[in-house]
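One structure is given here, and the rest of the page talks about it.
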Amino acid sequence: MPTAAPSAASRIAVVTGASSGIGAATARRLAAAGYRVVLTARRKDRVEALAEEINAAGHSAAAYQLDVTDRAAVDEFATAFKTIGVLVNNAGGALGADPVATGDPADWRTMYETNVIGTLNLTQALLPKLEASGDGTVVVVSSTAGHGTYEGGAGYVAAKHGAHVLAETLRLEIVGRPVRVIEIAPGMVKTDEFALTRFAGDTDKAQKVYEGVAEPLTADDVADTIAWTVTRPSHVNIDLLVVRPRAQASNTKVHREL
């Protein structure tokens with residue numbers, strides 16, 4: 001089925017956490033689908049390089065350095081737009097894998113601030129712009145962690161449950177307005193940075209996450225699902241899309257070829 005081309009009023013797509021992984025892959029996908037993508041992340045050099053790559057490919061991109069947890073910066077960023085068509089709340093991440101009894105409260109706070117408050121900040125700041133387009137879409141990239149618990153993941157699980165509930169509640173609150181709310185919940189995705197960041201740069205621990213898994217998801221697999229949901233006809237809302245590799249049946253059941 002062909003995808004729907006974005007209308008002139010809704011052709012701007014803001015992607016947070018676009019410096020790597022799922023965010024960068026999503027920006028490439030949406031640019032190829034005809035959106036002018038606005039790339040945001042804390043790492044200015046990364047988003048600028050990606051914008052250059054997308055523009056060189058004949059598409060349209062702009063880069064902004066932005067910390068989604070800085071509300072003043074987010075509000076200032078929002079003033080650059082009269083309307084936007086798509087907001088992809090992708091910025092987030094996990095820190096640590098300690099049990100509740102010994103988890104670092106600072107890590108929990110950071111995960112909540114990035115995954116939940118960051119999503120809240122961008123959504124609040126840009127919701128009027130999305131509505132003004134007459135055809136807006138909010139995407140929240142959560143995780144299967146937002147739908148089921150697992151040992152050693154409580155801090156991240158709590159944050160992603162928060163992101164899930166934010167999306168679910170927003171959809172109820174704005175029904176009847178011209179803005180869709182979509183949640184994408186990926187399972188095991190192998191990217192260059194996710195597990196490495198979670199384990200503070202410990203490459204051995206990071207590699208064990210994917211050990212024996214023949215084909216974990218890639219960032220582009222997830223970006224493909226995001227682009228598909230965004231480019232459905234305006235009256236079609238994909239409320240929740242859970243995507244896992246075939247080898248993963250649940251958060252705690254993974255087939256490993258060891």
Side-chain angles (χ1 to χ4, degrees), residues 16-17 20-23 25-26 88-105 107-119 139-169 171 181-226 228-229 238-258:
T16 70
S20 65
I22 293 170
T26 298
V88 180
N89 285 300
N90 168 71
L95 295 173
D98 298 314
V100 172
T102 57
D104 186 344
D107 285 347
W108 281 55
R109 187 172 294 109
T110 297
M111 286 187 282
Y112 191 85
E113 287 285 337
T114 306
N115 290 283
V116 184
I117 302 301
T119 296
V139 178
V140 175
V141 181
S142 63
S143 167
T144 54
H147 299 267
T149 61
Y150 59 92
E151 293 170 290
Y156 182 60
V157 166
K160 286 303 189 182
H161 270 73
H164 161 63
V165 169
L166 186 158
E168 190 172 57
T169 306
R171 191 180 303 114
V181 181
I182 294 168
E183 180 187 353
I184 306 294
M188 180 181 285
V189 184
K190 187 175 184 180
T191 65
D192 293 336
E193 297 185 337
F194 180 83
L196 199 60
T197 299
R198 183 170 202 167
F199 295 109
D202 188 322
T203 55
D204 289 339
K205 285 185 178 180
Q207 288 172 0
K208 285 184 182 301
V209 172
Y210 311 105
E211 192 172 57
V213 181
E215 290 183 285
L217 297 177
T218 67
D220 198 54
D221 290 330
V222 181
D224 183 35
T225 68
I226 293 171
W228 179 79
T229 61
I238 308 300
D239 287 11
L240 170 64
L241 195 158
V242 176
V243 53
R244 290 188 173 102
R246 185 174 62 189
Q248 183 183 31
S250 75
N251 289 345
T252 57
K253 181 75 171 180
V254 179
H255 175 68
R256 298 178 188 273
E257 298 175 357
L258 300 176

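These values consider heavy atoms only, across backbone and side chains, with no hydrogens, waters or symmetry-generated copies. In this chain, residues are counted from 1 in sequence order.
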Check your understanding: Which heavy atom of K160 sits nearest a heavy atom of V141, and at what distance?
Key -> NZ-O, 3.2 Å
Review point. Which pair of heavy atoms, one from A219 and one from T191, lies closest together, and at what distance?
Key: CB-CG2, 4.1 Å
Check your understanding: Side chain of H161, backbone of A145: donor and acceptor closer than 3.5 Å?
Key -> yes
Practice item. Supply the atom-to-atom distance Y156 OH to N115 CG, rounded to the nearest 0.5 angstrom. Key: 6.0 Å
Revision key, fill the gap. To the nearest 0.5 Å, atom CE of M188 lies from atom CD of E215 at 13.0 Å
Study note, to complete from the structure: On a heavy-atom basis, the closest approach of A249 and R244 is O-NH1, 3.9 Å
**Study point:** Crowding at CG, D192 (>12 non-hydrogen neighbours, <6.0 Å)
**Key:** no
Exercise for review: Sort out for me which residue in T114, D104, T110 forms a side-chain contact (heavy atoms from CB on, under 4.5 Å) with L95.
Suggested key: T110
Check your understanding: Crowded around Y210 OH? As in, over 12 foreign heavy atoms under 6.0 Å?
Key -> yes
Revision key, fill the gap. Correct closest heavy-atom pair for R256 and E211 would be NH1-O, 2.8 Å
**Study point:** W228 side chain reached by L241 side chain, heavy atoms, under 4.5 Å
**Key:** yes
Revision key, fill the gap. Here the pair of heavy atoms bringing I226 nearest to I184 is CG1-CG1, 3.8 Å
Revision key, fill the gap. Minimal heavy-atom distance between L217 and G187, with the atoms involved, is CD1-N, 4.3 Å
Review point. Once you round to the nearest 0.5 Å, how far does NZ of K208 lie from OG1 of T203?
Key: 10.5 Å
**Study point:** Heavy-atom check, side chain of T149 versus side chain of N251, under 4.5 Å
**Key:** no
Review point. About how many Å separate OG of S142 and CG of L240, when rounded to the nearest 0.5 Å?
Key: 7.0 Å
Review point. Is there side-chain contact between E168 and E183, with at least one heavy-atom pair below 4.5 Å?
Key: no
Review point. For the atom pair NE2 (H164) and NE2 (H147), what is the distance rounded to the nearest 0.5 Å?
Key: 5.0 Å
Check your understanding: Is there a donor-acceptor pair closer than 3.5 Å between any side-chain N or O of T16 and the backbone N or O of N90?
Key -> yes
Review point. Do the non-hydrogen side-chain atoms of R198 and D107 ever get within less than 4.5 Å of each other?
Key: no
